[in-house]
Amino acid sequence: MVLETFIGITGTVLGTFGALFIAYGAAIAIVELLARETRIRKQSYRDIRWTFTTRILIGLEFFVAADVIKTILEPTFQDLIILGSLVTIRTIVGYFLGKEVKELPEERKM
């Protein structure tokens, strides 16, 4: 009972943190875009996209972790199929976003 509650809370916290991290990345990207458009800051669209993309990647990792932990509670066959589908989709999205990040210049990756 205590373990189920702990696992449920942990999964919810990880999922919430993933969503908040993506929202945080979106907020940063919006502020940077507005600063660029109003000429307050000279930052390229590529740099802004890199900032947002890296936040999305980290958020997706938290979503996958949350789904894996939540599936521990009720590992039915249907839950495992749903988990596998979600992990596959998020892995594919993560792969292509990661590929996009790798195309950026080395000095921006630090």
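Basis for what follows: all heavy atoms, side chains included, without hydrogens, waters or symmetry-related copies.
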### Query
Is the NZ or CZ atom of Arg36 positioned over Tyr45's six-membered ring, under 6.0 angstrom from the centre and within 45° of the axis?
yes
### Message
Parallel, tilted or perpendicular, judged at 30° and 60°: which one describes the rings of Phe62 and Phe17?
### Response
perpendicular
### Query
If you look at every heavy atom in Ala29 and Phe52, which pair is closest and at what distance?
CB-CB, 3.9 Å
#### Entry: Shortest non-hydrogen contact between Ile56 and Leu97, atoms and distance
CG2-CD1, 3.5 Å
### Query
What's the verdict on side chain to side chain contact (heavy atoms under 4.5 Å, CB included) for Leu80 and Thr71, showing C-alpha distance, side-chain angles and the deciding distance?
CA-CA 7 Å; Leu80 293 175; Thr71 302; 3.7 Å; yes
### Message
Please determine whether the number of non-hydrogen atoms from other residues, nucleotides or ligands lying under 6.0 Å from atom CD of Glu37 exceeds 12.
### Response
yes
### Query
Under the 3.5 angstrom rule, does the side chain of Arg55 hit a backbone N or O of Thr51 as a donor-acceptor pair?
yes
### Task
Report whether Ile89 and Ile92 are members of the same hydrophobic cluster (ILVMFWY, side-chain heavy atoms less than 4.5 Å apart, transitive linking).
no
### Summary
Only residue of Thr12, Val13, Ile7 satisfying side-chain contact (heavy atoms from CB on, under 4.5 Å) with Ile9 is Val13
### Message
Please enumerate all residues that pass salt bridge (Lys or Arg N to Asp or Glu O under 4.0 Å) together with Arg90, with sequence neighbours excluded.
### Response
Asp67
### Task
Mind checking the CG-CD1 spacing from Leu34 to Ile48? Nearest 0.5 Å is all I need.
9.0 Å
### Task
Grab the two heavy atoms, one from Gly11 and one from Ile69, that are nearest each other, plus how far apart they are.
N-CG2, 3.9 Å
### Task
Starting at CG of Asp47, measure out to CD of Glu32 and round the result to the nearest 0.5 Å.
8.0 Å
### Message
Count I, L, V, M, F, W, Y as connected when their side-chain heavy atoms are under 4.5 Å apart, and connections chain through other members. Are Tyr24 and Val31 then in the same cluster?
### Response
no
### Query
Nearest heavy-atom pair of Leu14 and Ala65: which atoms, and what distance?
CD1-CB, 4.0 Å
### Message
To the nearest 0.5 Å, what is the distance between CG on Leu33 and OG1 on Thr38?
### Response
10.5 Å
### Message
Grouping I, L, V, M, F, W and Y whenever their side-chain heavy atoms are under 4.5 Å apart, do Ile30 and Trp50 come out in a common cluster?
### Response
no
#### Entry: Leu57 reachable from Phe63 in the ILVMFWY side-chain graph, under 4.5 Å edges
yes
